[in-house]
Undergrad: 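Please find one structure pasted underneath; my questions will follow.
Chain A is the first sequence line, chain B the second, and so forth, proteins listed ahead of strands; every chain is numbered from 1.
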Protein chains: 2
Amino acid sequence: MPVSPVKMADAIRVLSMDAVHRAKSGHQGMPMGMADVATVLWTKFLKFDASRPDWADRDRFVLSAGHGSMLLYALLHLTGFKAVTMDQVRNFRQWGSNTPGHPEFGHTPGVETTTGPLGQGIATAVGMAMAERHLAARFGEDLVDHRTWVIAGDGCLMEGVSHEAASIAGRFRLNRLTVLFDDNNTTIDGEATIAETGDQLARFKAYGWAVRAVDGHDHGKIAAALRWATKQDRPTLIACRTRISKGAGPKEGDPHSHGYTLFDGEIAEARKAMGWNLPPFELPEDLVKAWRRAGRKGVRTRKSWQGRLATSPKAGDFQRAMAGELPAGAFEALDAHIAAAVDARPAAATRQHSGSALDHLFPAIPEMIGGSADLTGSNNTFVKGTAAFDVPDYAGRYVHWGVREHGMAAAMNGMALHGGVIPFSGTFLVFSDYSRPAIRLGALMGARVVHVMTHDSIGVGEDGPTHQPVEHVASLRAMPNLLVFRPADAVETAECWKLAVSARTTPSVMALSRQKVPAVRTAASGENLSAHGAYQLAAAGSPARVTLFATGTEVAVALAARDLLEAEGIGTRVVSAPCWELFEAQTDRYKAAVIGETEVRAAVEAGVRMGWDRFIGADGIFVGMKGFGASAPAERLYEAFAITPQAVADAVRQKLG
Amino acid sequence: MPVSPVKMADAIRVLSMDAVHRAKSGHQGMPMGMADVATVLWTKFLKFDASRPDWADRDRFVLSAGHGSMLLYALLHLTGFKAVTMDQVRNFRQWGSNTPGHPEFGHTPGVETTTGPLGQGIATAVGMAMAERHLAARFGEDLVDHRTWVIAGDGCLMEGVSHEAASIAGRFRLNRLTVLFDDNNTTIDGEATIAETGDQLARFKAYGWAVRAVDGHDHGKIAAALRWATKQDRPTLIACRTRISKGAGPKEGDPHSHGYTLFDGEIAEARKAMGWNLPPFELPEDLVKAWRRAGRKGVRTRKSWQGRLATSPKAGDFQRAMAGELPAGAFEALDAHIAAAVDARPAAATRQHSGSALDHLFPAIPEMIGGSADLTGSNNTFVKGTAAFDVPDYAGRYVHWGVREHGMAAAMNGMALHGGVIPFSGTFLVFSDYSRPAIRLGALMGARVVHVMTHDSIGVGEDGPTHQPVEHVASLRAMPNLLVFRPADAVETAECWKLAVSARTTPSVMALSRQKVPAVRTAASGENLSAHGAYQLAAAGSPARVTLFATGTEVAVALAARDLLEAEGIGTRVVSAPCWELFEAQTDRYKAAVIGETEVRAAVEAGVRMGWDRFIGADGIFVGMKGFGASAPAERLYEAFAITPQAVADAVRQKLG
């Protein structure tokens, strides 16, 4: 006798109750509410093979409502993913387990993306769906032909990033994307209507999605809705009308059953009502078998796909791209460009140098896909002749993201997680604040994405303090596993691009100037000096008494200050520090040598001091910003805020006494 | 003969062209496109008196598309606001002028809020409209009865925060709010359809707004639409179909005419086509007169309002509230609570201490209005018995913001700018990333808002790294004009609340723990020690060889480490540093004394090191986080990441040799 799908769903419910109860924390409300939808999806629609979590052409499943992680762990366990044994389920939310409080990419095979901060999952999924269409266009649908499924809750849809993501998906008609909205009218503070009276279906329809509602506990209707979704020519939202904690007896439908709130007796009662007689963390054999069958149902499809791959002329390139390996000779043109720049000494804004670097990098690495949040001309992210990523030409490699910094950054994460592409984007550095939640998630997941962020200081000039980052470089440096590059000229910019693209498990920020700067790297080095994070750019002309540290556009200021001081016989060395994170990874000996032991240490950066004491000590000289900027031409601002060679030299002289 | 309204609009166009041309930067596209709509609004609908920019019952006008600042400066100049003379218009975007690149609140009287980062204006305006309804409920519509008008562009509506803001406005049926959408199908990268194919009218309708479109160059139809807006029972969006740079000859309608792109000849041609013969920055006398009349049309209404105020029994309270002055005895109950806590030594999470502080503060200050982004129980922001802010009971003082951290923070700014209320909100500290753009704008504007941010470290425990802030305290400390409080116990938490509410021109963040901590302030101090930002909490028992610095939940760790060290005869003092910004404002002498000159300096904070070198030096000991956290019970994490008294004592001993 076949196992009833309702029983299969109950297995998710019982495991969720048990795991949350044992951990004394976590959330059973969503897993129990969405168990039916998830069962239909995973047993009948989701293309996957539990034995191969890394199969390239699998469907992607994103649990945007990441607090409901037990739903995902239950599914992974039940379908037979090796990483999630019953012991792991028992160790839900414990140190070292594969079942952390929220799903973590890279930690648990089978988890496609880290979720928890609401709205991120849906936005990340949009990037996955974009990558899928792009790679399908590049490699053909015999190799790339899969869907992205998202489960999202009220919270996800309230978050602003859901708006940006849904707009992007609608604009690009991502018809392989389906969002299953857990429409249970429940949020932590009470019924969702306490804060939400909007019509989500109408909203998504306005974005160009196909939408419908379904009883989220009727397996037949759910299946019909999912089938419908696969046949639309646009992204789809299905509002699944569910009851939170479905099956939890008196707590069913109660907003307070969102998290760890079920008492022993209540759980016992719920189990009884489901006809469930086994002790915690034990499952009926026939049920396990039925679930494992679902976990194997994609095997044949996968094997057939592997057959196609084996005979595809594109196999090598496809596998290389999906493995994240760069093509042979990826940096040849860029290296030649660097060598030429050493001689040519071009004076320009570092954003322009970045554009030049991209001119050499982008054609050599077909995985690179660029874009900007509506600042293409300002960000210099567009390589001439590149086609736009668009419907139906998904082969295009430039994305017009619209004014959606947050959605853009999150979608880039999704692209990188999907694999096969290396995304980079553009906006102003000050707007890194908008994309910060997604930048952080990328850092946590180790996603290779490059955030090009121009207009990186008061050098912005007339646009004034709303557009002048002063604390952003510092605040990004505070974030773990993020490379913050602030290059000084053409050579450093190209070097940093090389490092960013090569950093396979770390996202990068390129902080680039609006204003023109002179070349500072005017001698051949034979190596990528920026790779050290910080290095001595200019030795002292006489015995060194002073060390000046600087980044980006202020390296030229430091060099000019050095000229002033050396002219007075004050030996002054200059250290350029384009990437603090890479510097910290150097040997103690190297770091000590770069920092040196001169009488005076000073730093120049058109931002706040925070963090610089590591280089100059608490009693070092800092020439930079103490507060917000102002609106005026850039040169005027540098004068007004006294970030000049003269000011540096004056401060040093005063300190020397 | 009356001056034609079209001519009046042309005055805005010509001034915008002239100012942008002279500054060689800025944006004439939007001011020229929206000149007609703005003229109708400011001459026929907007309630204001140019001679009294601070009249409490004026309508609020928000230029959400802040790059079009010349529209606002032209209006302020033309209607006779003293701060914006023609000289100021000539000095557009220059150092020290009242006409910076983007409108800046507090800098130019008549500017209601700082805008530029897209989407912020509309979200700030929602807060203004909420404050208006709330104060109308408190003081009556004879004192408070005005509207909030917003001009927003495609970019504002693409930003995620527009979604959150519009949802909030729809939920609370803010019918005094009207958004005039500059619907010109133009963004910087080209026609808006390059990135946007959604239906904005349908979207806003889904939020519960009343919506319509209008020809944005037909004065009669514009007036009819604005009149319609004033009669709706919900917020209103009017899509004004306009042509960018309307009147700029061949550049009219061209996406590239967004910013500074008009040539001399083109401007001359445009002037000619408008029949405009005067040189730059000169205006026909009759036209000036007509505009000045518009600037005075509110005088009678204002005087009548002042008459009502003069006889109102609520006048004193109203004026005090609008002036931002606290009621007499505002801190009496809180001070008593502090004194009691010194004796009672309650052990609890600092978020609970914050809740207790609010229990004493909230009833004493009727201007305080609280809320949470759907984490009320976790944030301890709700004071028992408080009514919810809701339709139609706008007198309620607790806002259920929904899962909308960004919209909440921006709306709080708007509430504070409107005046008469002191808003505070709640979310998890890790989600400060979501609200960061609005936190920054509040800091730039000097808005008195309090961001309660709980779950402030790995002490979050099982929820794992997505929910554990490690870099957030550092990144917020990097922001100018923001008080970042991280109190250690009941006494410090209450002290910090007092400081936050008293900081009239600085927003505050309260970083509070999920987990329980012991009391550390167990002796009466006679003053608010937290006001010094950092202070010696425990002197050394024997000659001081070691100083331990800590904040928040790690102060107890430092005290326990001190016990270990003192037991071995190592004299150890402990400094608590709940607010770095206030510490930096102390005298050099005080700061030097607090930091001291012991052999070893160490800091303990369950976050990243960035910034701590200022206290401990580059060679100081830091016990904290080096990367992201993990999912496990909190105590396990403190052990695993070695943030323990033992680890501190070990590191100190090792350093002492």
Undergrad: What part of A:L441 is in contact with chain B, defined as an atom under 4.5 angstrom from a non-hydrogen atom: side chain, backbone, both or neither?
TA: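 A:L441 touches chain B through side-chain heavy atoms alone.
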Undergrad: Kindly assign one of parallel, tilted or perpendicular to the pair A:W95 and B:F641, based on the angle between their ring planes and the thresholds 30° and 60°.
TA: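 Perpendicular, since the angle between the ring planes exceeds 60°.
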Undergrad: Who among A:K24, A:R614, A:H27, A:H102 has the most heavy-atom pairs with chain B under 4.5 Å?
TA: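 Top count of heavy-atom pairs under 4.5 Å with chain B: A:H102.
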Undergrad: Donor-acceptor pair, A:R93 side chain versus B:G464 backbone, under 3.5 Å?
TA: no
Undergrad: So, do A:E405 and B:M158 sit near enough that their side-chain heavy atoms are less than 4.5 Å apart?
TA: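 No, their side chains stay 4.5 Å or more apart.
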Undergrad: Once ring pair (Phe, Tyr, Trp, His ring centres under 6.0 Å) is applied, do any residues pair with B:H400, and if so which ones, sequence neighbours excluded?
TA: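 Once residues adjacent in sequence are excluded, the partners of B:H400 under the ring pair (Phe, Tyr, Trp, His ring centres under 6.0 Å) criterion are B:Y398.
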Undergrad: To the closest 0.5 Å, what do you measure between CE (A:M445) and OG1 (B:T466)?
TA: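 Spacing of CE (A:M445) from OG1 (B:T466) equals 11.0 Å.
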Undergrad: Checking heavy atoms, do the side chain of A:T193, its backbone, both or neither come under 4.5 Å from chain B?
TA: backbone
Undergrad: So which of B:E196, B:H467, B:Q94 has the biggest tally of heavy-atom pairs under 4.5 Å with chain A?
TA: B:H467
Undergrad: For A:A630, is it the side chain, the backbone, both or neither that has a heavy atom under 4.5 Å from a heavy atom of chain B?
TA: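 For A:A630, the side chain is the part near chain B, not the backbone.
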Undergrad: Please state whether the side chain, the backbone, both or neither of A:Q468 comes within less than 4.5 Å of a heavy atom of chain B.
TA: backbone
Undergrad: Starting at CE of B:M479, measure out to CG of A:D433 and round the result to the nearest 0.5 Å.
TA: 5.5 Å
Undergrad: Before accepting this row, confirm whether a basic side-chain N of the pair A:R477/B:E471 lies closer than 4.0 Å to the acidic partner's carboxylate O.
TA: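 Not counted as a salt bridge, because no side-chain N and carboxylate O are separated by less than 4.0 Å.
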Undergrad: Need one label for A:S162: side chain, backbone, both or neither, based on atoms under 4.5 Å from any heavy atom in chain B.
TA: side chain
Undergrad: Please flag which part of A:V430 lies under 4.5 Å from any non-hydrogen atom of chain B: side chain, backbone, both or neither.
TA: side chain
Undergrad: Nearest heavy-atom pair of B:A202 and A:A206: which atoms, and what distance?
TA: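 Shortest heavy-atom contact: CB-CB, 3.7 Å.
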Undergrad: Mind ranking A:E462, A:R440, A:H107 by heavy-atom pairs under 4.5 Å with chain B and telling me who comes out on top?
TA: A:R440
Undergrad: Quick check on A:A192 against chain B: is it the side chain, the backbone, both or neither that has a heavy atom closer than 4.5 Å?
TA: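 Neither; nothing under 4.5 Å.
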Undergrad: So, A:E584 and B:K626, do they make that salt bridge, N to O below 4.0 Å?
TA: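 So A:E584 does not pair with B:K626 through a salt bridge.
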Undergrad: Hey, which of B:H406, B:E159, B:R436, B:Q120 is the one that makes side-chain hydrogen bond (donor to acceptor under 3.5 Å, both in side chains) with A:Y434?
TA: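 Only one option passes, and that is B:Q120.
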Undergrad: Sort A:R609 into side chain, backbone, both or neither according to what part of it lies under 4.5 angstrom from a heavy atom of chain B.
TA: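 Neither; nothing under 4.5 Å.
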Undergrad: What are the residues of residues 164-171 of chain B, in order of number, with any heavy atom under 4.5 angstrom from a heavy atom of chain A?
TA: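 Residues in range: B:E164, B:G170, B:R171.
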Undergrad: If I take atom CG from residue B:D189 and atom CH2 from residue A:W401, how far apart are they, to the nearest 0.5 angstrom?
TA: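 CH2 of A:W401 is found 13.0 Å from CG of B:D189.
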Undergrad: Using a 4.5 angstrom heavy-atom cutoff, name the option from B:G198, B:A618, B:P117 with the most pairs to chain A.
TA: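 The answer is B:P117.
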Undergrad: For A:R636, is it the side chain, the backbone, both or neither that has a heavy atom under 4.5 Å from a heavy atom of chain B?
TA: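 Just its side chain gets close to chain B.
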Undergrad: Could you measure the distance from the CG atom of B:L118 to the CZ atom of A:F431? Nearest 0.5 Å is fine.
TA: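 Reported to 0.5 Å precision, the distance equals 6.0 Å.
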Undergrad: Roughly how far, to the nearest 0.5 Å, is OH of A:Y207 from OG1 of B:T197?
TA: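 Output value for this atom pair is 11.5 Å.
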Undergrad: For each of B:P480, B:G620, B:A632, tally heavy-atom pairs with chain A at distances under 4.5 Å, and name the one with the top tally.
TA: B:P480
Undergrad: Sort out for me which of B:L444, B:V608, B:V161, B:D154 touches chain A most, counting heavy-atom pairs under 4.5 Å.
TA: B:L444
Undergrad: Do you know which two heavy atoms are closest between B:E104 and A:P465, and how far apart they sit?
TA: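 In terms of heavy atoms, the two residues are closest at OE2-CD, 3.1 Å.
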Undergrad: Given heavy-atom pairs under 4.5 angstrom as the criterion, report whether the side chain, backbone, both or neither of A:H472 touches chain B.
TA: side chain
Undergrad: Quick one: what part of A:T187 sits under 4.5 Å from any heavy atom of chain B, side chain, backbone, both or neither?
TA: both
Undergrad: Please classify the contact of A:P103 with chain B as side chain, backbone, both or neither, using a heavy-atom distance under 4.5 Å.
TA: neither
Undergrad: Rounded at 0.5 Å granularity, tell me how far CG in A:D463 sits from NE2 in B:H67.
TA: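 Taking CG in A:D463 and NE2 in B:H67, the distance rounds to 10.0 Å.
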Undergrad: At a 4.5 Å cut-off on heavy atoms, which part of A:T376 comes close to chain B: side chain, backbone, both, or neither?
TA: both
Undergrad: Please report the shortest heavy-atom distance between B:A478 and A:A474, naming the atom on each side.
TA: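 Answer, listing the atom of B:A478 first, then A:A474: CB-CB, 4.2 Å.
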Undergrad: Using every non-hydrogen atom in the two residues, find where B:S631 and A:G101 come nearest and quote the distance to one decimal.
TA: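 Scanning both residues completely, I find the closest heavy atoms to be OG-N, 2.8 Å.
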Undergrad: For the interface with chain A, which of B:I188, B:N481, B:D199 has the highest count of heavy-atom pairs at distances below 4.5 Å?
TA: B:I188
